[in-house]
Colleague: 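Have a look at this one before I ask anything.
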Protein chains: 2
Amino acid sequence: MDFSEKSNCSTCRIKSCAVEVLDQHELEILQTNCSGASYKRGERIFQQGTLISNIVYVKSGLIKIHKKGPSKDQILKLVNPPRFIGIPTILGDRVNQYSATAVVPTEVCFIVTQIFKTLISRNGKFGHEIINGLCQDELQFFDRSINQMQKQIHGRLADALLYFSNDIFCADAFIMPLTRAELGDFVHTTRESVTRTLTHFKNDGLITVEGKKITLQDKFRLQKISQIG
Amino acid sequence: MDFSEKSNCSTCRIKSCAVEVLDQHELEILQTNCSGASYKRGERIFQQGTLISNIVYVKSGLIKIHKKGPSKDQILKLVNPPRFIGIPTILGDRVNQYSATAVVPTEVCFIVTQIFKTLISRNGKFGHEIINGLCQDELQFFDRSINQMQKQIHGRLADALLYFSNDIFCADAFIMPLTRAELGDFVHTTRESVTRTLTHFKNDGLITVEGKKITLQDKFRLQKISQIG
DNA sequence: ATAAAAATGTGATTTGTGTCACAGAATATA
DNA sequence: TATATTCTGTGACACAAATCACATTTTTAT
């Protein structure tokens, strides 16, 4: 990873809704307690089980939030900017409950947790925006959980492909940033089943696959598959 | 359900951490915009898909938060007091994303959402406490999800039994408030598999079952089962 | 008290998908 | 350029758990 010097929050153009509501003085507080870093694919931003020092603000790139389970590592969610991560661990035992790893080149800012807490207590609107973010996360995670638990592989993988296409890349064709094994961790299967299902989709003319490049050819039918499960 | 008159928040003894930080004036605001109700087992408190009017504060009892999935209704979590529910839906489309139903006789207070929002913006500490609650929920739900997805039935059901014993009733013996089918919705199986697994546990001397009454006889081995999956 | 409805227990059968095992392709490292 | 890793594809097999089907018990309503 590569640490740069202190960033300038007031002129930073990648501002979250929450940061928008801070006044000039608060922005200065933030700025003096905040530093940037960039990560390459595969680099760990923070690791489950280690002590927390900072809130992380994702400026660009894509991050996977993952956690060790009883049998294997599992990708809880992907986070695309702009977004704060690590908020849930600012309280309690102060130990990260999950890991965060860059899946594409990623830029983040670290914010001292105490400062973050101060801003929340000082500026109710800031807190309000943070709550908004947390709530959105929760609802999204509810949906994802239910889908993961009730659909079978075809549906889950169709969901994932549509998610990458619609929410992450906003394009029908994209370079899949996850390996087959990671995709398995994301949709709860094995590497082998991902391959098999992808091949199946390909043979049915739903997608084309050229190595890492995936093109959705028939989104409508993919949606159908996602719905039936 | 049974609606009583306006409650008195300043003298209410079932106060959440969040409400504790409100000042006298804020408590009065809360009080004049808040009313109580009680529900019997099986009564719906709010329903997925309907418009939201209020934040719900659970004072006593036990509530299931459940949501329709592609194939069946699923219990996302159980909520025991004192706790706010419905916060995630105060924003956005203002439609409940999930249902809440009492599983034992339950008392709640309804708080006008606008007032709730005002309190958050007005009192940073209140917002801070609410964020704490949401974060705890998120971490807990992460754990639950991973366990649900990676363990098989024996482990999942052992988890559930230990959860009821340790977190809900604080006793080795308790009256199971969920039917076998609901228990299935909670741990992701069918009614039949719940029965079979329970019988299996009983034959192994881990528990005794007399209708709705369940007694954990060997918590240690149950924990073992929970761990292996 | 009696009927109707809901909840529960248990067997037989089917099936989705995880596991194992190996080969080829792609990528990183020396 | 060679060599070691890490990825990826594909088959054969096993098994956990869903589904179906029916009997029995418990609860609720009349």
Side-chain angles (χ1 to χ4, degrees), chain A residues 40-43 69-75 101 103-104 147-160 175-204 207-214 225 228-229, chain B residues 40-43 64 69-75 101 103-105 147-160 175-204 207-214 225 228-229:
Chain A
K40 290 190 295 231
R41 136 116 224 163
E43 284 185 324
S71 61
K72 61 169 193 170
D73 204 69
Q74 181 170 324
I75 297 181
T101 304
V103 292
V104 299
N147 285 332
Q148 292 295 312
M149 307 241 212
Q150 292 189 17
K151 291 179 185 173
Q152 45 197 59
I153 294 189
H154 293 245
R156 302 209 298 272
L157 200 61
D159 275 350
I175 306 296
M176 167 57 64
L178 305 179
T179 65
R180 299 292 190 264
E182 281 178 318
L183 208 45
D185 294 341
F186 187 51
V187 300
H188 276 107
T189 4
T190 53
R191 207 203 84 227
E192 294 92 322
S193 293
V194 169
T195 299
R196 263 186 272 267
T197 312
L198 242 28
T199 314
H200 191 214
F201 284 174
K202 197 175 62 180
N203 293 340
D204 282 10
I207 58 172
T208 48
V209 182
E210 306 156 64
K212 296 266 179 211
K213 188 178 178 190
I214 294 183
I225 290 173
I228 345 166
Chain B
K40 289 190 296 232
R41 135 113 225 164
E43 285 185 325
K64 65 170 177 178
S71 62
K72 62 170 191 170
D73 204 70
Q74 181 170 324
I75 298 180
T101 304
V103 293
V104 300
N147 285 333
Q148 292 297 310
M149 307 242 211
Q150 293 191 17
K151 290 178 184 171
Q152 47 197 56
I153 294 187
H154 292 245
R156 302 208 298 270
L157 200 62
D159 275 351
I175 306 296
M176 167 56 64
L178 305 179
T179 65
R180 299 292 189 264
E182 282 178 317
L183 208 43
D185 293 342
F186 186 52
V187 301
H188 277 106
T189 2
T190 54
R191 206 202 83 229
E192 294 93 322
S193 293
V194 170
T195 300
R196 263 185 271 267
T197 312
L198 242 30
T199 312
H200 190 214
F201 284 173
K202 196 176 61 181
N203 293 339
D204 281 11
I207 59 172
T208 49
V209 182
E210 306 156 64
K212 296 266 180 210
K213 188 179 177 190
I214 294 183
I225 290 174
I228 346 168

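Side chains included, hydrogens not; waters and symmetry mates left out as well; all remaining heavy atoms used. A, B, ... follow the sequence lines: proteins, then strands. Residue 1 opens every chain. Keep in mind it's a predicted model, so treat the numbers as computed, not measured.
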Colleague: Report the end-to-end axis angle of the helix from C:dA1-D:dT30 to C:dA30-D:dT1; each axis comes from five terminal pairs, and the value is rounded to 10°.
Modeller: 60°
Colleague: Provide, to the nearest angstrom, the distance between the CZ atom belonging to A:Arg156 and the P atom belonging to C:dT17.
Modeller: 6 Å
Colleague: Rounded to the nearest 0.5 Å, what separation is found between the OG atom of A:Ser193 and the CD atom of A:Gln152?
Modeller: 11.5 Å
Colleague: Round to a whole Å and report the spacing from CG of B:Leu183 to C1' of D:dA17.
Modeller: 16 Å
Colleague: Any chance you could lay out the side chain to side chain contact (heavy atoms under 4.5 Å, CB included) test for A:Asp159 and A:Val187, step after step, and finish with the verdict?
Modeller: CA-CA 9 Å; A:Asp159 275 350; A:Val187 300; over 6 Å; no
Colleague: Per the side chain to side chain contact (heavy atoms under 4.5 Å, CB included) rule, which among B:Thr197, B:Asn147, B:Ile225, B:Thr189 passes with B:Arg156?
Modeller: B:Thr189
Colleague: Do B:Arg196 and B:Thr199 touch side chain to side chain, with heavy atoms closer than 4.5 Å?
Modeller: no
Colleague: Nearest-Å distance, CD (A:Gln152) to P (D:dA18)?
Modeller: 12 Å
Colleague: Please report the distance, rounded to the nearest Å, between CG in A:Leu178 and P in D:dC7.
Modeller: 12 Å
Colleague: Can you list, in residue-number order, the parts of residues 191-203 of chain A that come under 4.0 Å of DNA chain D, counting heavy atoms only?
Modeller: A:Arg191, A:Glu192, A:Thr195, A:Arg196, A:Thr199
Colleague: Can you tell me how far P of C:dT8 sits from NZ of B:Lys213, to the nearest Å?
Modeller: 18 Å
Colleague: For a quick check, with a 4.0 angstrom heavy-atom cut-off, what is the B/S/- contact string for nucleotides 24-30 of chain C, read 5' to 3'?
Modeller: -------
Colleague: Report which part of the nucleic acid A:His154 touches: base, sugar-phosphate, or nothing (heavy-atom distance under 4.0 Å, all strands).
Modeller: nothing
Colleague: Check step by step if side chain to side chain contact (heavy atoms under 4.5 Å, CB included) holds for A:Ile175 and A:Lys213.
Modeller: CA-CA 4 Å; A:Ile175 306 296; A:Lys213 188 178 178 190; 4.0 Å; yes
Colleague: Please give, in whole Å, the distance from D:dA16 P to B:Leu157 CG?
Modeller: 17 Å
Colleague: State which residue, out of B:Arg41, B:Lys64, B:Glu182, fulfils the side chain to side chain contact (heavy atoms under 4.5 Å, CB included) condition with B:Thr101.
Modeller: B:Lys64
Colleague: Specify the separation, in whole Å, of atom CD of A:Glu210 and atom P of D:dT8.
Modeller: 15 Å
Colleague: State the CD1-CG distance between A:Ile207 and A:Leu198, to the nearest 0.5 angstrom.
Modeller: 4.5 Å
Colleague: Please state how far atom CZ in B:Arg180 lies from atom P in C:dA6, giving the value in whole angstrom units.
Modeller: 18 Å
Colleague: Rounded to the nearest 0.5 Å, what separates atom CD1 in B:Ile153 from atom NE2 in B:His188?
Modeller: 11.5 Å
